[in-house]
2 protein chains.
Amino acid sequence: MKLKSTQLYEARAKVAKALAHPSRLLMLDALAEKELCVCDLTDLVGADQSTVSKHLAVLKNAGIVADRRDGVMIFYRLKVGCLSGFWKCVEGVLRQNLKEQQAVMKSAS
Amino acid sequence: MKLKSTQLYEARAKVAKALAHPSRLLMLDALAEKELCVCDLTDLVGADQSTVSKHLAVLKNAGIVADRRDGVMIFYRLKVGCLSGFWKCVEGVLRQNLKEQQAVMKSAS
DNA sequence: CAGATATATGGTATATTTGCCATATAGCCA
DNA sequence: TGGCTATATGGCAAATATACCATATATCTG
(Lines give C-alpha, C1' and ligand atoms only; values in the text may rest on other atoms or scores of the structure.)
Protein backbone atom coordinates (compact mmCIF):
# COMPACT_ATOMS: atom_id res chain seq x y z
CA MET A 1 0.00 0.00 0.00
CA LYS A 2 2.80 2.37 0.91
CA LEU A 3 4.78 1.39 -2.17
CA LYS A 4 1.76 1.84 -4.39
CA SER A 5 1.18 5.33 -3.04
CA THR A 6 4.79 6.28 -3.57
CA GLN A 7 4.57 5.17 -7.17
CA LEU A 8 1.36 7.11 -7.65
CA TYR A 9 2.84 10.36 -6.39
CA GLU A 10 6.03 9.86 -8.35
CA ALA A 11 3.98 9.34 -11.48
CA ARG A 12 2.04 12.52 -10.80
CA ALA A 13 5.23 14.40 -10.03
CA LYS A 14 6.66 13.33 -13.37
CA VAL A 15 3.71 14.94 -15.13
CA ALA A 16 3.91 18.08 -13.00
CA LYS A 17 7.65 18.36 -13.66
CA ALA A 18 7.00 18.15 -17.37
CA LEU A 19 4.61 21.08 -17.01
CA ALA A 20 7.04 23.08 -14.90
CA HIS A 21 8.69 25.18 -17.57
CA PRO A 22 7.39 28.28 -19.37
CA SER A 23 8.60 27.17 -22.79
CA ARG A 24 6.89 23.81 -22.48
CA LEU A 25 3.67 25.48 -21.34
CA LEU A 26 3.82 27.85 -24.29
CA MET A 27 4.21 24.89 -26.64
CA LEU A 28 1.34 23.01 -25.02
CA ASP A 29 -0.92 26.03 -25.46
CA ALA A 30 -0.05 26.13 -29.13
CA LEU A 31 -0.54 22.39 -29.48
CA ALA A 32 -4.02 22.72 -28.00
CA GLU A 33 -5.00 24.34 -31.30
CA LYS A 34 -3.42 21.90 -33.74
CA GLU A 35 -0.45 19.60 -34.18
CA LEU A 36 2.83 21.34 -34.98
CA CYS A 37 6.24 20.31 -36.22
CA VAL A 38 9.43 20.87 -34.26
CA CYS A 39 10.33 23.70 -36.61
CA ASP A 40 7.08 25.54 -35.80
CA LEU A 41 7.66 25.06 -32.09
CA THR A 42 11.27 26.19 -32.37
CA ASP A 43 10.13 29.41 -34.02
CA LEU A 44 7.47 29.86 -31.37
CA VAL A 45 9.76 29.39 -28.38
CA GLY A 46 12.77 31.17 -29.86
CA ALA A 47 15.36 28.85 -28.36
CA ASP A 48 17.90 26.56 -29.93
CA GLN A 49 16.42 23.67 -31.90
CA SER A 50 18.17 21.15 -29.71
CA THR A 51 16.72 22.80 -26.63
CA VAL A 52 13.21 22.57 -28.03
CA SER A 53 13.77 18.98 -29.01
CA LYS A 54 14.73 18.15 -25.45
CA HIS A 55 11.70 19.95 -24.08
CA LEU A 56 9.53 17.89 -26.39
CA ALA A 57 11.23 14.71 -25.23
CA VAL A 58 10.30 15.62 -21.66
CA LEU A 59 6.65 16.13 -22.60
CA LYS A 60 6.57 12.93 -24.63
CA ASN A 61 8.20 10.92 -21.88
CA ALA A 62 5.56 12.16 -19.46
CA GLY A 63 2.82 11.02 -21.86
CA ILE A 64 1.50 14.53 -22.41
CA VAL A 65 2.20 14.67 -26.14
CA ALA A 66 2.69 12.16 -28.93
CA ASP A 67 4.62 12.51 -32.17
CA ARG A 68 4.18 11.43 -35.74
CA ARG A 69 6.66 11.50 -38.58
CA ASP A 70 5.67 12.95 -41.93
CA GLY A 71 8.66 12.74 -44.22
CA VAL A 72 11.48 14.72 -42.69
CA MET A 73 9.31 16.52 -40.24
CA ILE A 74 7.97 15.30 -36.94
CA PHE A 75 4.63 16.57 -35.76
CA TYR A 76 3.70 16.73 -32.10
CA ARG A 77 0.17 16.65 -30.81
CA LEU A 78 -1.44 17.01 -27.41
CA LYS A 79 -2.63 13.82 -25.74
CA VAL A 80 -3.99 15.30 -22.50
CA GLY A 81 -7.15 17.32 -22.91
CA CYS A 82 -7.55 18.56 -19.36
CA LEU A 83 -4.82 21.19 -19.33
CA SER A 84 -6.76 24.27 -20.40
CA GLY A 85 -9.52 23.60 -17.89
CA PHE A 86 -6.98 23.05 -15.17
CA TRP A 87 -5.19 26.32 -15.80
CA LYS A 88 -8.48 28.15 -15.96
CA CYS A 89 -9.35 26.85 -12.51
CA VAL A 90 -5.91 27.52 -11.06
CA GLU A 91 -5.81 31.04 -12.41
CA GLY A 92 -9.24 31.68 -10.96
CA VAL A 93 -7.97 30.72 -7.53
CA LEU A 94 -4.83 32.81 -7.91
CA ARG A 95 -6.82 35.85 -8.92
CA GLN A 96 -8.98 35.34 -5.87
CA ASN A 97 -5.87 35.05 -3.67
CA LEU A 98 -4.61 38.31 -5.11
CA LYS A 99 -7.87 40.09 -4.36
CA GLU A 100 -7.79 38.89 -0.77
CA GLN A 101 -4.21 40.09 -0.39
CA GLN A 102 -5.13 43.48 -1.76
CA ALA A 103 -8.05 43.67 0.66
CA VAL A 104 -5.66 42.95 3.52
CA MET A 105 -3.29 45.64 2.30
CA LYS A 106 -6.12 48.13 2.07
CA SER A 107 -7.48 47.45 5.54
CA ALA A 108 -3.97 47.74 6.95
CA SER A 109 -3.29 51.14 5.43
CA MET B 1 1.52 41.01 -25.72
CA LYS B 2 4.73 38.98 -25.75
CA LEU B 3 5.60 40.15 -22.27
CA LYS B 4 2.13 39.35 -21.00
CA SER B 5 2.36 35.83 -22.40
CA THR B 6 5.75 35.28 -20.83
CA GLN B 7 4.37 36.30 -17.46
CA LEU B 8 1.38 34.02 -17.89
CA TYR B 9 3.52 30.97 -18.61
CA GLU B 10 5.92 31.80 -15.81
CA ALA B 11 3.01 32.04 -13.42
CA ARG B 12 1.70 28.68 -14.57
CA ALA B 13 5.17 27.16 -14.34
CA LYS B 14 5.44 28.33 -10.76
CA VAL B 15 2.29 26.38 -9.89
CA ALA B 16 3.45 23.33 -11.82
CA LYS B 17 6.84 23.44 -10.08
CA ALA B 18 5.13 23.52 -6.73
CA LEU B 19 3.27 20.36 -7.72
CA ALA B 20 6.40 18.68 -9.01
CA HIS B 21 7.42 16.70 -5.95
CA PRO B 22 6.01 13.43 -4.58
CA SER B 23 6.05 14.61 -0.96
CA ARG B 24 4.14 17.76 -1.81
CA LEU B 25 1.60 15.78 -3.81
CA LEU B 26 1.13 13.39 -0.92
CA MET B 27 0.48 16.32 1.41
CA LEU B 28 -1.97 17.89 -1.01
CA ASP B 29 -3.91 14.65 -1.22
CA ALA B 30 -4.14 14.56 2.56
CA LEU B 31 -5.13 18.23 2.71
CA ALA B 32 -7.97 17.56 0.27
CA GLU B 33 -9.69 15.76 3.16
CA LYS B 34 -9.16 18.30 5.92
CA GLU B 35 -6.72 20.89 7.19
CA LEU B 36 -3.65 19.50 8.94
CA CYS B 37 -0.88 20.88 11.13
CA VAL B 38 2.78 20.71 10.17
CA CYS B 39 3.26 17.95 12.74
CA ASP B 40 0.61 15.78 11.01
CA LEU B 41 2.19 16.39 7.64
CA THR B 42 5.66 15.66 8.97
CA ASP B 43 4.44 12.30 10.24
CA LEU B 44 2.74 11.63 6.94
CA VAL B 45 5.74 12.41 4.77
CA GLY B 46 8.35 10.95 7.08
CA ALA B 47 11.03 13.56 6.38
CA ASP B 48 12.73 16.09 8.61
CA GLN B 49 10.40 18.75 10.00
CA SER B 50 12.44 21.49 8.38
CA THR B 51 12.14 19.76 5.05
CA VAL B 52 8.37 19.56 5.35
CA SER B 53 8.23 23.18 6.40
CA LYS B 54 10.09 24.17 3.26
CA HIS B 55 7.81 22.07 1.09
CA LEU B 56 4.84 23.84 2.63
CA ALA B 57 6.44 27.20 1.99
CA VAL B 58 6.71 26.29 -1.69
CA LEU B 59 3.03 25.35 -1.85
CA LYS B 60 2.00 28.49 0.02
CA ASN B 61 4.14 30.72 -2.15
CA ALA B 62 2.48 29.26 -5.21
CA GLY B 63 -0.94 30.04 -3.76
CA ILE B 64 -1.99 26.40 -3.57
CA VAL B 65 -2.40 26.26 0.20
CA ALA B 66 -3.01 28.74 3.01
CA ASP B 67 -2.10 28.55 6.65
CA ARG B 68 -3.69 29.49 9.94
CA ARG B 69 -2.16 29.65 13.37
CA ASP B 70 -3.93 28.02 16.30
CA GLY B 71 -1.80 28.47 19.37
CA VAL B 72 1.56 26.91 18.78
CA MET B 73 0.44 24.89 15.81
CA ILE B 74 -0.01 26.04 12.25
CA PHE B 75 -2.70 24.43 10.14
CA TYR B 76 -2.49 24.25 6.39
CA ARG B 77 -5.49 23.94 4.12
CA LEU B 78 -5.96 23.51 0.39
CA LYS B 79 -6.97 26.57 -1.60
CA VAL B 80 -7.13 25.03 -5.06
CA GLY B 81 -10.04 22.66 -5.58
CA CYS B 82 -9.25 21.45 -9.06
CA LEU B 83 -6.36 19.14 -8.26
CA SER B 84 -8.16 15.86 -7.75
CA GLY B 85 -10.15 16.27 -10.96
CA PHE B 86 -7.00 17.15 -12.84
CA TRP B 87 -5.13 14.07 -11.66
CA LYS B 88 -8.10 11.88 -12.43
CA CYS B 89 -8.07 13.14 -16.00
CA VAL B 90 -4.31 12.86 -16.39
CA GLU B 91 -4.22 9.36 -15.00
CA GLY B 92 -6.99 8.36 -17.36
CA VAL B 93 -4.89 9.52 -20.29
CA LEU B 94 -1.78 7.78 -18.99
CA ARG B 95 -3.64 4.51 -18.55
CA GLN B 96 -4.86 4.83 -22.11
CA ASN B 97 -1.30 5.51 -23.31
CA LEU B 98 -0.15 2.39 -21.51
CA LYS B 99 -2.84 0.27 -23.14
CA GLU B 100 -1.86 1.52 -26.57
CA GLN B 101 1.79 0.74 -25.90
CA GLN B 102 0.90 -2.75 -24.79
CA ALA B 103 -1.15 -3.23 -27.94
CA VAL B 104 1.87 -2.21 -30.01
CA MET B 105 4.08 -4.64 -28.13
CA LYS B 106 1.61 -7.43 -28.69
CA SER B 107 1.25 -6.84 -32.41
CA ALA B 108 5.03 -6.69 -32.75
CA SER B 109 5.65 -9.99 -31.01
C1' DC C 1 25.04 7.97 -53.74
C1' DA C 2 25.78 13.09 -52.34
C1' DG C 3 23.82 17.08 -50.54
C1' DA C 4 20.31 19.43 -48.07
C1' DT C 5 16.94 19.72 -44.42
C1' DA C 6 14.59 18.30 -40.01
C1' DT C 7 15.19 16.37 -35.70
C1' DA C 8 17.67 13.97 -31.89
C1' DT C 9 21.57 13.12 -28.87
C1' DG C 10 26.13 13.65 -26.29
C1' DG C 11 28.81 16.79 -23.77
C1' DT C 12 29.36 20.40 -20.57
C1' DA C 13 28.83 24.65 -17.83
C1' DT C 14 25.52 26.98 -15.02
C1' DA C 15 21.41 27.36 -12.28
C1' DT C 16 17.90 25.38 -9.46
C1' DT C 17 16.08 22.01 -6.21
C1' DT C 18 16.34 19.09 -2.35
C1' DG C 19 17.41 17.35 2.31
C1' DC C 20 19.32 17.62 6.60
C1' DC C 21 21.63 19.93 10.48
C1' DA C 22 21.80 23.69 13.48
C1' DT C 23 19.49 27.39 15.08
C1' DA C 24 16.07 31.10 15.32
C1' DT C 25 11.29 32.48 16.26
C1' DA C 26 6.79 32.20 18.38
C1' DG C 27 3.34 30.82 21.63
C1' DC C 28 2.05 28.21 25.89
C1' DC C 29 2.32 27.25 30.72
C1' DA C 30 4.26 26.85 35.35
C1' DT D 1 10.60 34.92 33.25
C1' DG D 2 12.29 30.17 31.94
C1' DG D 3 11.48 26.02 29.88
C1' DC D 4 8.90 23.38 26.51
C1' DT D 5 6.81 22.54 22.06
C1' DA D 6 5.73 23.72 17.16
C1' DT D 7 7.33 25.78 13.17
C1' DA D 8 10.51 28.49 10.19
C1' DT D 9 15.00 29.84 8.39
C1' DG D 10 20.13 29.90 7.16
C1' DG D 11 23.68 27.20 5.39
C1' DC D 12 25.72 23.74 2.80
C1' DA D 13 26.43 19.46 -0.08
C1' DA D 14 24.41 16.45 -3.42
C1' DA D 15 21.19 15.73 -7.05
C1' DT D 16 18.63 17.50 -10.92
C1' DA D 17 17.32 20.67 -14.64
C1' DT D 18 18.49 23.81 -18.35
C1' DA D 19 20.76 25.82 -22.43
C1' DC D 20 23.78 25.81 -26.00
C1' DC D 21 27.29 23.82 -29.13
C1' DA D 22 28.77 20.11 -31.89
C1' DT D 23 27.47 16.22 -34.06
C1' DA D 24 24.71 12.12 -35.20
C1' DT D 25 20.59 10.24 -37.48
C1' DA D 26 16.88 10.05 -40.75
C1' DT D 27 14.46 11.38 -44.85
C1' DC D 28 13.98 13.47 -49.24
C1' DT D 29 15.77 14.87 -53.82
C1' DG D 30 18.62 15.21 -57.68
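Chain A is the first sequence line, chain B the second, and so forth, proteins listed ahead of strands; every chain is numbered from 1.
- dT7(C) atom C1' lies 15 Å from atom CG of Leu36(A), rounded to whole Å.
- Taking a cutoff of 4.0 Å between a charged side-chain nitrogen and a carboxylate oxygen, Asp29(B) and Arg12(A) qualify as a salt bridge.
- The shortest distance between the side-chain N/O atoms of Ser50(A) and the OP1/OP2 oxygens of dC20(D) is not below 4.0 Å.
- In this structure, His21(A) and His55(A) have tilted ring planes: the angle between them lies in the 30° to 60° band.
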Practice problem: Go through Leu19(B) and Leu83(B) one step at a time and tell me if the side-chain contact (heavy atoms from CB on, under 4.5 Å) criterion holds. | Solution: CA-CA 10 Å; Leu19(B) 298 176; Leu83(B) 292 175; 4.1 Å; yes
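- Considering only side-chain N and O atoms, His55(B) lies nowhere under 4.0 angstrom from the phosphate OP1 or OP2 of dT17(C).
- Distance Ile74(A) CD1 to dT9(C) C1': 13 Å, rounded to the nearest Å.
- A straight line from CD of Glu35(B) to P of dT7(D) spans 12 Å, rounded to a whole angstrom.
- Whole-Å rounding puts the Leu41(A) CG to dT7(C) C1' distance at 12 Å.
- Taking side-chain N and O atoms only, Tyr76(A) has no distance below 4.0 Å to OP1 or OP2 of dA6(C).
- Rounded to whole angstrom, the span from the CG atom of Leu56(A) across to the C1' atom of dA8(C) amounts to 11 Å.
- For Lys14(A) and dT17(C), the NZ to C1' distance is 19 Å, given to the nearest whole Å.
- A salt bridge does not link Lys17(B) with Glu10(B): every distance from a Lys NZ or Arg NE/NH1/NH2 to an Asp or Glu carboxylate oxygen is 4.0 Å or more.
- In this structure, Lys54(B) does not reach the dG19(C) phosphate: none of its side-chain N or O atoms is under 4.0 Å from OP1 or OP2.
- Residue Ala47(A) is the one, among Arg69(A) and Ala47(A), whose nearest nucleotide of DNA chain D lies closer to the 5' end (criterion: closest heavy atom).
- Side-chain nitrogen and oxygen atoms of Ser53(A) include none within less than 4.0 Å of the OP1 or OP2 phosphate oxygen of dT7(C).
- For Asp67(A) and dA6(C), the CG to C1' distance is 13 Å, given to the nearest whole Å.
- Applying the 3.5 Å distance criterion, the base of dA6(D) shares no donor-acceptor pair with the side chain of Gln49(B).
- In this structure, NE2 of His21(A) is placed 8 Å from C1' of dA17(D), rounded to the nearest angstrom.
- Comment: Asp40(B) does not engage Lys34(B) in a salt bridge, judged by the lack of any side-chain N to carboxylate O separation of less than 4.0 angstrom.
- Each of Val72(A) and Lys17(A) was matched to the nucleotide of DNA chain C holding its nearest heavy atom; the match closer to the 5' end belongs to Val72(A).
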